[in-house]
Amino acid sequence: MSVQANPYPLRLEKVHMEKIRTLAKQGRRSVNMQLCIAVETYLEQYEKEHGEIPVKPEH
């Protein structure tokens, strides 16, 4: 997995963050890894329904 600097702070509802922390603890993962898994899962599901999301290569 590549690491990318994120110029945006992540703002979540407190209850959502607590749920992420709970899942991370259950899976013996960091909160960061749990969030990465959630994003990857969302993107995979989206692309199944709507097709691949085009991304311009970075320079």
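No continuous path of ILVMFWY side-chain contacts below 4.5 Å connects I37 to Y42, so the two sit in separate hydrophobic clusters. Hydrophobic clustering, with ILVMFWY side chains joined whenever heavy atoms are under 4.5 angstrom apart, keeps V15 apart from M17. Side-chain heavy atoms closer than 4.5 Å link hydrophobic residues (I, L, V, M, F, W, Y) into clusters, and following such links, even through other members, never connects M33 to V39.
For the residue pair V31 and R21, the shortest heavy atom distance occurs at CG2-CG, 3.8 Å. Here the closest non-hydrogen pair linking S30 and A24 is O-CB, 3.7 Å.
Side chain of E52 to main chain of E47: no donor-acceptor pair is present (N/O by atom type, distance under 3.5 Å, no hydrogens or angles).
Within 6.0 Å of atom CD in E13, 12 or fewer heavy atoms from other residues, nucleotides or ligands are found, so the atom counts as exposed in its surroundings.
Across K19, K25, Q26, a single residue satisfies side chain to side chain contact (heavy atoms under 4.5 Å, CB included) together with L23, and that is Q26.
Counting heavy atoms from C-beta on, the side chains of I20 and H16 never come closer than 4.5 Å. Put simply, the side chain of P9 reaches to within 4.5 Å of the side chain of R11, judged on heavy atoms.
With rounding to the nearest 0.5 angstrom, the NZ atom of K48 is 12.5 Å from the CG atom of L43.
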